[in-house]
Enquirer: 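Can you read through this structure? Questions will come right after.
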Amino acid sequence: MKKRVCLWIVLLGIFLSSCTKLPVSSGELSSQPKAVKEFVGAEIVEHGDLSFYAVDLKMGKVVAAHREKSALVPASVMKIVTSAAALEVMGGDKTFETKLMYEGKIDKAGLLKGDLYIQGGGDPTLGSDGISAAPEAFLADWVKEMKKARITSVNGDIIVLDDLFGYDGIPGKWLWEDMGTDYAPGTYGISIFDNIYTLYLSSGGPGTTPKIIGTKPEMKDLTFDNQAVVSPDGKRDIYVRGVPFENRRGFYGIVPENRAELTIKSDIPDPGFFLGQYFSDYMRKNGIKFKGKVTTARVTAKRPKNPVILAVTESAPVSEIIKVLLTRSDNHYAEHLFQLLEKVEGVNVVEFWKEKGLDVDSLTMKDGSGLSRGDTLSAKLLTDILVYMDEKKELKFEELLPIAGQDGTVAKFLKETPLSGNARVKSGSMSGIQSYAGYLEKDGKRYVFALIVNHWNGDRTDLRNEMEKLLNGLF
């Protein structure tokens with residue numbers, strides 16, 4: 001009797017073990033296309049995690065899937081989630097306005113007895129190098145309109161209303177190592193020159209400290225804790241650290257020896273205040289006197305009651321903003337669209353996609369750009385969003401994605417392969433993360449895919465080569 005009971009226990013254990021064994025994808029790996037099996041079985045991803053999904057757009061048929069619902073850290077392919085929502089909610093022609101206004105009286109001598117106000121509308125392209133307009137063109141227009149209004153001097157202040165999004169300009173889940181960098185500037189109601197300045201240095205002999213030559217544009221109040229060292233082996237690894245609204249930046253790392261000029265870019269700590277300062281100097285250089293002070297909505301409660309609009313500067317349209325941010329993977333542009341959606345349009349991006357009937361259980365958004373390691377996303381949801389946008393033909397979302405093998409961050413991806421020039425793809429890349437998603441065409445058929453890998457063995461270049469083999473082998 002005891003032997004029979006023991007046998008049943010053993011059989012039950014085997015049965016339960018077989019029931020709880022997790023499949024590697026929506027189908028067993030043995031049923032996957034050869035290219036998928038080879039990629040999943042590659043040594044480089046042996047200790048990592050990945051999510052892959054691909055669909056034939058015309059047939060609506062799943063071409064391949066592997067752990068397609070896994071919630072992984074996506075990096076910059078998160079920009080697809082944000083920009084696609086922004087394009088549908090706001091439309092491609094939508095623009096954002098920055099207004100120059102005054103309140104007070106202009107006397108016969110051209111003296112403005114009152115204050116100037118700069119009202120921010122969340123435009124990330126004001127003075128940006130991502131658009132075709134000259135960076136200071138809007139300033140020239142502002143001065144022109146002031147002179148047209150006969151203003152020759154101002155006896156009041158410049159008050160910058162930069163509080164459209166509030167002042168939590170840095171998402172709480174960004175890392176300290178991102179603070180102060182050129183790829184992680186703060187996001188506020190006012191942006192100027194991409195909220196970035198360039199720091200110029202020169203270096204001498206090994207073991208010495210590089211000298212700070214200056215900044216462009218000039219950052220009058222900014223000071224640096226210079227902890228950098230000149231390296232004897234010619235290596236360069238320099239970085240700036242700092243937090244919003246503090247006029248102090250730490251400068252660290254190593255630089256090559258005996259260089260007349262070295263540069264590194266960093267964030268403008270207080271873009272609204274900086275714009276006010278910059279404009280006051282610009283006015284003086286162009287013959288308009290100003291002796292007042294510059295302040296922002298962050299430190300004063302003063303607001304205009306009956307302002308007169310002098311000039312309105314319009315941003316690039318949303319479609320152009322999206323094209324730039326997807327091509328060069330611009331965190332600054334992406335975070336502005338995210339803030340405009342959530343705080344101006346009143347649209348929660350996760351709920352937006354849920355209301356479209358998509359399964360958003362894998363989606364966690366701590367920001368709009370994908371810089372946060374608290375973000376999660378699955379390949380299936382990413383693909384579902386791309387399929388949804390393809391159905392919205394009038395929005396032309398596919399045309400805003402960069403061309404693989406030619407443009408931006410994907411200029412080298414799929415280059416010199418049969419898919420080069422035949423795929424529009426967004427990339428995502430951070431330490432331990434590599435992802436791609438987009439549309440591709442082969443033999444008259446159109447497909448959409450998403451591929452996310454978290455952690456791998458070896459070089460990133462080797463992983464990208466394996467990813468290229470997967471896509472070229474599958475399609």
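Note that the structure is a prediction, hence the values are computed from the model and not measured.
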Enquirer: Restricting to side chain to side chain contact (heavy atoms under 4.5 Å, CB included), what partner residues turn up for E97, sequence neighbours left out?
Expert: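 With sequence neighbours excluded, E97 shows a side chain to side chain contact (heavy atoms under 4.5 Å, CB included) to K99, V312, E314, given in chain and number order.
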
Enquirer: With a 4.0 Å cut-off, would you call E103 and K305 a salt bridge?
Expert: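 K305 and E103: not salt-bridged.
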
Enquirer: So do F279 and R284 actually touch side chain to side chain, heavy atoms under 4.5 Å?
Expert: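 With C-beta onward as the side chain, the pair stays apart.
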
Enquirer: Could you tell me which residues satisfy side chain to side chain contact (heavy atoms under 4.5 Å, CB included) with K396, sequence neighbours excluded, listed by chain and number?
Expert: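 Only E399 meet the side chain to side chain contact (heavy atoms under 4.5 Å, CB included) criterion with K396.
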
Enquirer: Tell me if a side-chain donor or acceptor on N422 pairs with a main-chain N or O of P418 at a distance below 3.5 Å.
Expert: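 Confirmed, N422 side chain pairs with P418 backbone.
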
Enquirer: Is the positively charged end of R328 above the ring of Y333, judged by distance under 6.0 angstrom from the centroid and angle within 45° of the axis?
Expert: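 Pair R328/Y333 counts as cation-pi.
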
Enquirer: Is a side-chain N or O of S280 found less than 3.5 angstrom from the main chain of Q277, in a donor-acceptor match?
Expert: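 Yes.
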
Enquirer: Only distances under 3.5 Å count here; give the side-chain donor-acceptor pairs of residues 192-201 to other protein atoms, sequence neighbours excluded, each with its distance to 0.1 Å.
Expert:
residue, atom, partner, partner atom, Å
D194, OD1, S128, OG, 2.7
D194, OD2, S128, OG, 3.3
D194, OD2, D129, N, 3.1
N195, OD1, S191, OG, 3.3
N195, OD1, I192, N, 2.9
N195, ND2, G186, O, 3.0
Y197, OH, S266, OG, 3.2

Enquirer: Just how far is it from atom CD of E468 to atom OG of S420, taken to the nearest 0.5 Å?
Expert: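 Reported to 0.5 Å precision, the distance equals 9.0 Å.
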
Enquirer: Quick one: does any side-chain atom of W353 pair with a main-chain N or O of V81 as donor and acceptor, under 3.5 Å?
Expert: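 Answer holds: yes.
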
Enquirer: Ion pair present between E466 and K469, side-chain N to carboxylate O less than 4.0 angstrom?
Expert: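 Salt bridge: yes.
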
Enquirer: Could you tell me whether the side chain of L100 reaches within less than 4.5 Å of the side chain of E145, counting heavy atoms only?
Expert: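 SC-SC contact between E145 and L100 ruled out.
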
Enquirer: For the pair D459 and R464, find out whether any cationic side-chain nitrogen is under 4.0 Å from an anionic carboxylate oxygen.
Expert: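 Looking at D459 and R464, the cut-off is not met.
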
Enquirer: Might you work through the salt bridge (Lys or Arg N to Asp or Glu O under 4.0 Å) test for D115 and K302, ending with a clear yes or no?
Expert: CA-CA 10 Å; D115 300 315; K302 192 173 184 179; 2.5 Å; yes

Enquirer: How would you list, by chain and number, every residue that makes a ring pair (Phe, Tyr, Trp, His ring centres under 6.0 Å) with F413, sequence neighbours excluded?
Expert: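 Testing F413 for ring pair (Phe, Tyr, Trp, His ring centres under 6.0 Å), a comparison that skips the adjacent residues, returns Y436.
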
Enquirer: Quick one: are L72 and L377 in side-chain contact, heavy atoms under 4.5 Å?
Expert: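 L72 does not reach L377 side chain to side chain.
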
Enquirer: Counting only heavy atoms not in E394 (residues, nucleotides, ligands), do more than 12 fall under 6.0 Å from its CD?
Expert: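 It does: E394 CD has more than 12 such atoms within range.
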
Enquirer: Residues two or more places apart in sequence or in another chain: which of them pass ring pair (Phe, Tyr, Trp, His ring centres under 6.0 Å) with F475?
Expert: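 If we apply the ring pair (Phe, Tyr, Trp, His ring centres under 6.0 Å) test to F475, skipping adjacent residues, the hits are Y447.
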
Enquirer: So, do K147 and I288 sit near enough that their side-chain heavy atoms are less than 4.5 Å apart?
Expert: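 K147 vs I288: side chains touch.
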
Enquirer: If you measure from the Lys or Arg side-chain nitrogens to the Asp or Glu carboxylate oxygens, is any gap between R446 and D56 under 4.0 Å?
Expert: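 Salt bridge: no.
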
Enquirer: If you define the side chain from C-beta out and look only at heavy atoms, does anything of F397 sit under 4.5 Å from I80?
Expert: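 Counting from C-beta outward, F397 and I80 do come under 4.5 Å.
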
Enquirer: Between T300 and A297 (side chain of the first, backbone of the second, donor and acceptor by atom type, cut-off under 3.5 Å), is there such a pair?
Expert: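 Between the backbone of A297 and the side chain of T300 there is no qualifying donor-acceptor contact (under 3.5 Å).
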
Enquirer: Sequence neighbours excluded, which residues qualify as side-chain hydrogen bond (donor to acceptor under 3.5 Å, both in side chains) partners of Y102?
Expert: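 Result, side-chain hydrogen bond (donor to acceptor under 3.5 Å, both in side chains) vs Y102: none returned.
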
Enquirer: Report yes if the side chains of L440 and V425 come closer than 4.5 Å at any heavy-atom pair, otherwise no.
Expert: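 They are not in side-chain contact.
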
Enquirer: Would you find a donor on one side and an acceptor on the other, under 3.5 Å apart, between the side chain of D267 and the backbone of D182?
Expert: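 No.
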
Enquirer: Are the side chains of S329 and K79 in contact, using a 4.5 Å heavy-atom criterion?
Expert: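 K79 vs S329: side chains touch.
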
Enquirer: Spell out, as yes or no, whether a donor-acceptor pair under 3.5 Å connects the side chain of D359 to the backbone of D361.
Expert: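 Answer holds: yes.
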
Enquirer: Below 4.0 angstrom, N of the basic side chain to O of the carboxylate: do K285 and D281 qualify?
Expert: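 Salt bridge: no.
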
Enquirer: Tell me whether R298 forms a cation-pi arrangement with F245, defined as NZ or CZ under 6.0 Å from the six-membered ring centre and within 45 degrees of its axis.
Expert: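 Verdict for F245: a cation-pi partner in R298.
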
Enquirer: Just wondering, do F274 and P269 contact through their side chains at under 4.5 Å, heavy atoms?
Expert: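 Side chain of P269 against side chain of F274, heavy atoms only: no contact under 4.5 Å found.
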
Enquirer: With no hydrogens and no angle check, just 3.5 Å: does a side-chain donor-acceptor pair link T181 and R241?
Expert: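 Their side chains do not contain a donor-acceptor pair, so the 3.5 Å distance test is not met.
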
